[in-house]
Amino acid sequence: MITVYFDGLCYPRNPGGVAAYGYAVYRDGKPIWRGFGAVGEGRGMTNNLAEYEALLAAARWLVDEGIEEKTVIKGDSELVIKQMKGEYRISSATSRKYAPEIKRLLQGRDVSFSWVPREEKQEADSLSRQGYEAYLRRKKRATVSG
């Protein structure tokens with residue numbers, strides 16, 4: 001079985017900070033992949049956007065790797081998890097942009113979504129901070145060289 005943990009952040013302020021994300025993939029409890037990145041900074045950046053970017057990146061990875069096994073996707077964003085399960089209405093522009101694309105990518109796969117407390121997805125949380133820090137390093141290098 002595949003388990004995916006995902007997380008997003010918007011720091012130092014939400015909205016308007018740096019939106020970054022991370023995700024970790026496990027097969028039968030053993031890590032097989034870790035990913036992180038940043039979406040951007042400033043206007044339009046939110047925690048929810050970062051959470052959805054994490055989930056989208058993880059879904060793309062599953063598809064690209066041809067993962068067909070039963071998959072449980074876990075996150076601490078009640079909004080994202082419940083929207084993906086169909087329990088919450090998809091009304092914001094962010095949700096309308098991401099949810100249909102993620103559902104399309106995962107269509108036909110044995111995938112379920114589960115809310116977990118932050119403590120159960122510490123690696124994904126750490127990876128989202130790595131995405132944030134990598135963004136700041138790139139920005140600093142661009143400023144120094146530009």
Side-chain angles (χ1 to χ4, degrees), residues 1-140:
M1 183 173 83
I2 299 294
T3 306
V4 177
Y5 296 91
F6 72 95
D7 189 46
L9 63 79
C10 190
Y11 189 80
R13 63 193 165 282
N14 180 46
V18 174
Y21 64 88
Y23 65 97
V25 184
Y26 294 81
R27 176 178 278 127
D28 301 324
K30 295 179 180 141
I32 60 170
W33 186 258
R34 294 173 179 96
F36 62 85
V39 185
E41 179 178 13
R43 185 177 174 92
M45 298 297 117
T46 67
N47 280 344
N48 290 339
L49 176 82
E51 295 276 358
Y52 264 119
E53 279 284 339
L55 182 52
L56 179 60
R60 285 181 175 151
W61 186 87
L62 292 168
V63 170
D64 290 347
E65 294 300 310
I67 305 290
E68 297 287 341
E69 298 160 63
K70 178 179 174 66
T71 302
V72 178
I73 299 176
K74 299 181 177 189
D76 70 347
S77 170
E78 182 178 342
L79 175 76
V80 172
I81 294 295
K82 289 198 172 190
Q83 285 180 332
M84 294 308 299
K85 290 170 79 171
E87 295 175 8
Y88 278 4
R89 199 169 42 114
I90 294 172
S91 56
S92 75
T94 297
S95 300
R96 285 194 314 269
K97 175 184 175 186
Y98 287 96
E101 175 67 7
I102 294 164
K103 286 179 180 183
R104 184 191 64 76
L105 284 167
L106 299 176
Q107 187 173 2
R109 297 171 187 270
D110 186 1
V111 176
S112 62
F113 294 89
S114 177
W115 180 88
V116 293
R118 173 179 237 157
E119 301 77 44
E120 287 188 32
K121 50 144 210 75
Q122 289 179 350
E123 185 175 21
D125 187 66
S126 175
L127 288 164
S128 66
R129 286 193 302 275
Q130 287 181 44
Y132 170 76
E133 291 162 6
Y135 177 86
L136 294 181
R137 285 192 300 275
R138 283 192 307 275
K139 184 177 174 183
K140 184 176 182 180

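Along the sequence shown, residues carry numbers from 1.
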Less than 4.5 Å apart, side chain to side chain, heavy atoms only: is that true for [X] and [Y]?
| X | Y | result |
| --- | --- | --- |
| Met45 | Val39 | yes |
| Val72 | Val4 | no |
| Val111 | Leu62 | no |
| Ile2 | Ile32 | yes |
| Thr3 | Val25 | no |
| Glu51 | Asp7 | yes |
| Tyr21 | Leu9 | no |

Nearest 0.5 Å, what's the [atom1]-[atom2] distance between [X] and [Y]?
| X | Y | atom1 | atom2 | value |
| --- | --- | --- | --- | --- |
| Glu133 | Gln130 | CD | CD | 7.0 Å |
| Phe6 | Ser77 | CZ | OG | 6.0 Å |
| Glu119 | Asp125 | CD | CG | 9.5 Å |
| Arg60 | Leu106 | CZ | CG | 11.5 Å |
| Asp76 | Glu120 | CG | CD | 10.5 Å |
| Leu55 | Lys74 | CG | NZ | 14.5 Å |

Determine the minimum heavy-atom distance between [X] and [Y], stating which atoms define it.
| X | Y | answer |
| --- | --- | --- |
| Leu105 | Ala59 | CD1-CB, 4.1 Å |
| Ala50 | Ala20 | CB-O, 3.3 Å |
| Pro100 | Ser95 | CD-O, 3.6 Å |
| Ile90 | Ala99 | CD1-CB, 3.4 Å |
| Ala38 | Gly131 | CB-O, 3.9 Å |

Handout entry: Residue pairs passing the ring-ring contact (aromatic ring centres under 6.0 Å, His included) test where at least one lies in residues 98-132, sequence neighbours excluded
Key =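 Residue pairs passing ring-ring contact (aromatic ring centres under 6.0 Å, His included), neighbours aside: Tyr11-Tyr132, Tyr52-Tyr98.
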
So does [Y] get a backbone contact from the side chain of [X], meaning a donor-acceptor N/O pair under 3.5 Å?
| X | Y | result |
| --- | --- | --- |
| Arg27 | Glu69 | no |
| Gln83 | Arg89 | yes |
| Asp28 | Met1 | yes |

Practice task
Using the six-membered ring wherever Trp is involved, compare the ring planes of Trp61 and Trp33 and label them parallel, tilted or perpendicular (cut-offs 30° and 60°).
Solution key: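 Because their plane-to-plane angle is under 30°, the rings of Trp61 and Trp33 count as parallel.
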
Handout entry: Distance-only side-chain donor-acceptor flag, Thr46 / Asn14, under 3.5 Å
Key =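 Note: Thr46 and Asn14 side chains miss the donor-acceptor criterion.
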
Practice task
Using side-chain hydrogen bond (donor to acceptor under 3.5 Å, both in side chains) as the criterion, list what pairs up with Gln122, not counting sequence neighbours.
Solution key: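 Partners of Gln122 by the side-chain hydrogen bond (donor to acceptor under 3.5 Å, both in side chains) criterion come out as none, since no residue qualifies.
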
